[in-house]
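Everything below concerns the one structure shown next.
Just so we're clear, the structure is a prediction, and the values are computed from it rather than from any experiment. The chains referred to below are lettered A, B, ... by the order of the sequence lines, with proteins before strands, and numbering in each begins at 1.
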Amino acid sequence: MSTPHSSSNVHDRAQQALADDFLRKAVHFTTDRLRNKKQAVTGEFGNWEAWRERGQQIRQHTIAHLDYYLDQFARHLEAHGAHVHFAATGEEASYIVREIAAAKSAKRAVKSKSMVTEEIHLNHHLEEMGVQVVETDLGEYIIQLAGETPSHIIIPAIHKNREQIRDLFEAESGEQLTTETRDLAAFARRRLRQEYLTADIGITGCNFGIAETGSIALFTNEGNADLVMNMPKTHIVLMGMERVLPTMSDLEVFAHLLPKSATGQNVITYMSIVTGPRRDNEADGAEEMHVIILDNGRSRQLGDPDFQAILHCIRCGACLNVCPVYRQIGGHAYGSVYPGPIGAVLSPLLNDGETYQDLPYASSLCGACYEACPVKIPLHDMLVRERQRLVATGHVKPAEKAAFRAFRQVFGNAGRYQTTIRIARRLQFPLAHDGYIRAKIGPVAGWTTSRDFPALPKRTFRELWPELVRKGNGRG
Amino acid sequence: MGVDKTTFLERIAKPLGRVPGDPPSPRTAIGVPACWTDRPSTQASRTASFIEKFTGLAGEIEQYASVHELRAGLERVLNDIGSDKIGAWGKRAPWPIDVEDVLEHWHALRWEEQTDRRAFDHIHVGITGCSCAIADTGTIVIASGPQSGRTVHQIPLIHVVILRESQLVQSLGDALQRLVQAHGQGEIAASNHFISGASRSSDIENDQTIGVHGPARVMALMLTDLE
């Protein structure tokens, strides 16, 4: 799979996104819609802060005792006849899925939307061994046909217009279709129904695992996860290890927080609570159920006072919809499976190496993400701490380092500051017009190509001050 | 491949400063906040809320004062739909109301323990009962069982659900507690499906459409069996 923006750094990818008018309009429209709906539904629901507070308390307690609740969850699942697997890495999780697929001689798999399967590139691993994987969420199906990756956690095909979707469906089927939403959706229903009927394996994620009963709770609006888990003979669940909740009572809290935060819906259309494979006397439902619990970098955040709370996340995407950066550049510019503020924090934490280290800088640190988060994760603080760690470990450009050293020296001494300002006022002369600096090249150009940079005034406040005092005394 | 459970849990417990297997510290907050549990609730308010929320999700509801009227209502609904591709739970399923004569009249395909799921692939209307329904959210709850296959309400374009007013509970939490009780008795269903309206998607240019995978139309026929 590829993204439309394949440059190696977030700055260049953002530039590409900013040049795409359709994308920008679509992202603006969608995020506005989701944000306004959330505001309306939470206002009507009432006491939203009390719900957020409760969500945070439950997640804090669960993650602080994660070993206990995962153990309870796994024991109950096994008692209901499910197979539970533990994977330390994405490679291990993919290997387990491939082993199951090989044991079942599987040729076809259907899948419902799951960020964790994107995280471990599961489709690619299965296709390598000859298993055809079909995404069944309408948005995911569209971007799978396009050979792309999701651009939003909740609405993955935000960047595709109806003409593009029609073309993709026509190329896939050879049928003639209109661009009417109803016709396109009807095509997807017909087509995907055949996939459910012929699939050997159904793969889902897990919104929440309930330790008290050993249940998996899955939320969808389309109902595709229900068919994915019930129609093929084998159901495989991939879940990040943090997705557990202690009790059904806690699930009630998140069954309110998640849809209201994600799409502004009072309630999700379908919530499936699956507790093991079909019983002996049942004629439908998966005969075999495998649950794979994945670490993949998550345990590194445990015990870290700065970042443990990132494991409280319930993947609602509310932080994306309010982020002034995401709203301008969309999801692909982040270059990671998880976009927006959550992606800017999570991707560098889950992945070692240089790949995502520029993401913490893709933020204005305005804190809107924290205000939107249903479990009150301080994402803006985390972004600052990630930047601090990058600087402390030497991941900073030499020019930036030199600039901050110079800044410290100039601003740390009044005499040096005054001298520097006097010199800068003279040097700015060729670039300053109408009170603003307009540089096309050089170090300032990175700022002035898209933002104002006020020129230094002819006189500083210090120089004005004696005159102001005189005038003030004259009045007195 | 993969790691064993003990090693996996030890890797989690250690950075948390815990000994694996130790019980958690007492919880200060479980479940919903007090503002949600302290709400007044009467049967009348539950019924009114369910109808408001269910119809707000484009569900269609008809109320009947007697079993006889409900059966006649079901007959009329099926006539209006005009399809003979009807499927329904089995005779021994936990039906809240006996509608056997109507189902027989329409030669409904019935779900039994030995049913081949593929026989239901072309069903147009699925008729089921439900375990309970939730007033706060307009949600129908359906538990899977030997005579109440999931396919019956997940595959067709139209889902007709039969329920009694006395099956209404106030909150999602009330319905979830029933699952906990069933688990305690070793009887939790493999699937409990919480259905709030018709299958929907806004994935094409934010334009909402219904019936993408599940039913496009959900109808409830409710017996008003309370004073």
Once you measure the plane-to-plane angle for A/Phe86 and B/Phe8, does it fall in the parallel (<30°), tilted (30-60°) or perpendicular (>60°) bin? tilted
Hey, what's the ring geometry for A/Tyr196 with B/His213, parallel, tilted or perpendicular (30° and 60° as the breaks)? perpendicular
So, does A/Arg54 use its side chain to make a donor-acceptor pair with the main chain of B/Ala34 at under 3.5 Å? no
Donor-acceptor contact below 3.5 Å, side chain A/Tyr270 vs main chain B/Ser199: yes
Given a strict heavy-atom distance threshold of 4.5 Å, which part of [X] is in contact with chain A: side chain, backbone, both, or neither?
X: B/Thr139; value: side chain
X: B/Ile140; value: neither
X: B/Arg200; value: both
X: B/Ala189; value: backbone
X: B/Ala175; value: neither

Hey, what do you get for [atom1] ([X]) to [atom2] ([Y]), rounding to the nearest 0.5 Å?
X: B/Ile210; Y: A/Glu222; atom1: CD1; atom2: CD; value: 13.0 Å
X: A/Asn221; Y: B/Ser201; atom1: CG; atom2: OG; value: 8.0 Å
X: B/Ile30; Y: A/Thr247; atom1: CD1; atom2: OG1; value: 6.5 Å
X: A/Ser272; Y: B/Arg150; atom1: OG; atom2: CZ; value: 8.5 Å
X: B/Ile188; Y: A/Met248; atom1: CD1; atom2: CE; value: 5.0 Å
X: A/Met229; Y: B/Ser191; atom1: CE; atom2: OG; value: 7.0 Å

Who among [options] has the most heavy-atom pairs with chain B under 4.5 Å?
options: A/Tyr69, A/Phe254, A/Trp51; result: A/Trp51
options: A/Ile58, A/Leu34, A/Ile142; result: A/Ile58
options: A/Ile158, A/Leu70, A/Asn161; result: A/Asn161
options: A/Thr269, A/Thr275, A/Leu66; result: A/Thr269
options: A/Gln57, A/Glu212, A/Arg278, A/Arg182; result: A/Glu212
options: A/Ala188, A/Gly285, A/Gly223, A/Gly276; result: A/Gly285

A/Arg189 and B/Gly214 have their tightest heavy-atom pair at NH1-O, 2.7 Å
Could you tell me which non-hydrogen atom of B/Gly21 sits nearest to which non-hydrogen atom of A/Asp67, and how far apart they are? N-OD2, 3.9 Å
Taking the side chain as every heavy atom from C-beta outward, state whether [X] and [Y] have any atom pair closer than 4.5 Å.
X: A/Arg75; Y: B/Lys5; result: yes
X: A/His61; Y: B/Pro24; result: yes
X: B/Phe194; Y: A/Phe219; result: no
X: A/Tyr141; Y: B/Asp203; result: no
X: A/Asp284; Y: B/Gln154; result: no

Less than 4.0 angstrom from a charged side-chain N to a carboxylate O is my criterion; do B/Arg11 and A/Asp295 meet it? no
Any salt bridge linking A/Asp250 with B/Arg27? Criterion: basic side-chain nitrogen under 4.0 Å from a carboxylate oxygen. yes
Among B/Gly184, B/Gly197, B/Gly186, B/Ser144, which residue has the highest count of heavy-atom pairs closer than 4.5 Å to chain A? B/Ser144
Find the one option among B/Ile155, B/Ile142, B/Thr209, B/Thr28 whose heavy-atom pairs under 4.5 Å with chain A are most numerous. B/Ile155
Test side chain to side chain contact (heavy atoms under 4.5 Å, CB included) on A/Met271 and B/Leu172; report intermediate values, then the result. CA-CA 11 Å; A/Met271 178 171 77; B/Leu172 183 58; 4.0 Å; yes
Test applied, salt bridge (charged side-chain N to carboxylate O under 4.0 Å, His left out); reference residue, B/Glu205; option that passes from A/Lys160, A/Arg162, A/Arg33: A/Arg162
Between A/Asn266 and B/Asp136, is the side chain to side chain contact (heavy atoms under 4.5 Å, CB included) condition met? List the steps. CA-CA 10 Å; A/Asn266 184 47; B/Asp136 281 336; over 6 Å; no
Surrounding CG of A/Asp280 (heavy atoms of other residues, nucleotides or ligands, distance under 6.0 Å), is the total greater than 12? no
Does the side chain to side chain contact (heavy atoms under 4.5 Å, CB included) test come out yes or no for A/Leu302 and B/Ile12, once each step is laid out? CA-CA 7 Å; A/Leu302 293 170; B/Ile12 292 172; 3.6 Å; yes
